[in-house]
Amino acid sequence: MIGINAFTGLMNDHRLSTAICDAAMVSRSDTEGTKMGWNRWYSLKSYIKSSLWLVPFIALPLYVLAIRIAYPFKQWLVWIEPWPWGVAGSQRLLETIITMTLTFVVFTFGSLLVAIQIAGGQLTPRIIATTLLSDNAIRFTVGLFIFTLLFATGTLARLETDSDRAVVGIPVLLGFLSIAAFLYLIDYAARLLRPVSIVLRVSEEGRVVIEDVYPAMATEKADATTTDPRPSIQPDKVILYRGRPAIIVAINKKALLTLAEKTQSVVELVPRIGDFVASGEPLFRLYGSRFPEEPVLKSMIAFGPERTLEQDPTFAFRIIVDIAIKALSKAINDPTTAVLAIDQLQRLLCFVGKRNLTRETILSQSGELRVICRTPDWEDFVKLTFSEIRLYGAENFQIARRVRAVLEYSLQVLPDFRRPALEEELKLLDRRLAQLYDFPEDLELARTADSQGLGGSTPSTLRVPPGNPSVSQ
């Protein structure tokens, strides 16, 4: 029953993935006669990256090509014939390889479906598409199993004389590789599904996205609060979204800039990446006398059923925070997993805190404002990192101490203009702890910073040495 439920869940996710192209399409009246836009190409690329079945399917045409090449050159394959048996022995060997690889495929997919369901339930469902289904090690290992199965079946069907036994060496070698790959996959999957591996992988992907969205390092002048970048309060034209309710997952900023420069207009994207939009809601505000064509503008936005990590810098934080607060729920009660998640949140927060976060305006080469795409600011990252964990985890000593350690460490290594938001969170943590703990001894214990939650570093060991204000993350 568990396997059936897991398979049903995966198929639902598959249907959602295939709906990306539909969600990305603009209204039919806008797209008639136009070519496939950037948003559809992006949706197709994202679907290919997150499809578990695609690599095993590619094994089918590869088998057809390989089996046709092997027999014309079988005289060159005599050196890989490692056994003295005749046709009957070769047949039994091929049958064994077929049975073995078929068992590997069934066991792998069955175990993977159950593991995905368990991991999604205990950690967060967001990891299914972002980490598990797009894992290349799993996809290519299963692809090897399928290729070995097909090649062994094709060789068995063509095995008629002793002269064909040379080709049997190929599926035999593939069979040995499949055994090694199967053993490796068991170990790899066991390591992959550990909470520390999941949060580390999400953190690594989050760092890449942060570097892409915020390429410049922070300076107090560049990161200061700016005024409203819009040319005027009243836009000259508003473009509404027409289509299925969806989430903005990506934007082609370079193409938007090119369109705005051609028409000498200012293009403002109203929602942020990761925002949900419904039909009839504002999508673009345009300023100027000439504007890009509406269908072309809409094709620069990719929509999907759920958020992705490609261009959404806060989604990595969201996934890790979800893992932490689920571990803190009364049903699971696993604060140590939450501490592992907070470790990576500290790493990401200190990384993003050292970058210039004012990237909402895009200028032309001549320095004129052309595109406005809003991005999260420092306060957004700080609130996302601490608010929910403080709410659900302050009553646990490990979480209270670990969160304080993150705040104190961030105050020491980040620039001074990042301090106000962190100091506010520290005050909120103190007020929350004073509300929760009646005994002074417990309150003192909860207010002590600890890099391991309980039993780790004392506050003095967390200090940055004088003269070394910057610590690499």
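Nothing here was measured: the structure is a model prediction, and the numbers come from that model.
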Could you please spell out the steps behind the side-chain contact (heavy atoms from CB on, under 4.5 Å) verdict for L269 and L256?
CA-CA 10 Å; L269 179 65; L256 283 178; 5.5 Å; no
Salt bridge or not between [X] and [Y]? Use side-chain N to carboxylate O under 4.0 Å.
| X | Y | result |
| --- | --- | --- |
| K45 | E310 | no |
| D322 | K326 | no |
| D343 | R402 | yes |
| E424 | K383 | no |

Please tell me whether R272 and T375 have a donor and an acceptor in their side chains that are separated by less than 3.5 angstrom.
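Side-chain D/A pair, R272 to T375: absent.
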Distance-only side-chain donor-acceptor flag, T448 / D450, under 3.5 Å:
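There is no such pair between these side chains.
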Can you tell me how far apart CD (Q398) and CD1 (I342) are? Round to the nearest 0.5 Å.
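Here the rounded value is 9.0 Å.
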Spacing of I323 atom CD1 and R318 atom CZ [to the nearest 0.5 Å]:
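Rounded to the nearest 0.5 Å, the CD1-CZ separation comes to 11.0 Å.
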Check whether [X] reaches the backbone of [Y] with its side chain - one donor and one acceptor, N or O, closer than 3.5 Å.
| X | Y | answer |
| --- | --- | --- |
| S197 | L193 | no |
| Q91 | L156 | no |
| R307 | I248 | no |
| D380 | D377 | yes |
| R194 | A190 | no |
| R347 | S203 | no |
| R355 | P215 | yes |
| W378 | R418 | yes |
| T385 | F381 | yes |

Any idea how F303 and Y241 line up, ring-wise: parallel (<30°), tilted (30 to 60°), or perpendicular (>60°)?
tilted
Angle between ring planes, W53 versus Y47, binned at 30° and 60°: parallel, tilted or perpendicular?
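Ring orientation, 0 to 90° scale: tilted.
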State which residue, out of I179, T148, L174, fulfils the side-chain contact (heavy atoms from CB on, under 4.5 Å) condition with T101.
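Filter result, single survivor: T148.
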Where do V209 and D312 land on the side-chain contact (heavy atoms from CB on, under 4.5 Å) test, with the steps shown first?
CA-CA 7 Å; V209 177; D312 193 345; 5.7 Å; no
Taking the six-membered ring for Trp, are F397 and Y437 closer than 6.0 Å centroid to centroid?
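Aromatic pair counts; centres sit under 6.0 Å.
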Are the ring centres of F145 and F104 closer than 6.0 Å?
yes
Would you indicate whether [X], at its atom [atom1], is surrounded by more than 12 heavy atoms from other residues, nucleotides or ligands within a distance under 6.0 Å?
| X | atom1 | answer |
| --- | --- | --- |
| F57 | CZ | no |
| Y392 | OH | no |
| E444 | CD | no |

Set out, in order, the CA-CA distance, both residues' side-chain angles and the distance that settles side-chain contact (heavy atoms from CB on, under 4.5 Å) for V352 and L357, then state yes or no.
CA-CA 8 Å; V352 76; L357 304 183; 3.7 Å; yes
Find out whether I97 and V172 are in side-chain contact, i.e. whether some heavy atom of one side chain is under 4.5 Å from a heavy atom of the other.
yes
Student check: side-chain heavy atoms of I48 and L54 closer than 4.5 Å:
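Contact flag for I48/L54 side chains = yes.
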Determine, step by step, whether E441 and R447 satisfy the salt bridge (charged side-chain N to carboxylate O under 4.0 Å, His left out) criterion, reporting the C-alpha distance in whole Å, the side-chain angles of both residues, the deciding distance to 0.1 Å, and the verdict.
CA-CA 10 Å; E441 295 83 359; R447 283 180 170 175; over 6 Å; no
Going through the distances and angles, do L62 and L150 end up as a side-chain contact (heavy atoms from CB on, under 4.5 Å)?
CA-CA 10 Å; L62 288 180; L150 293 173; over 6 Å; no
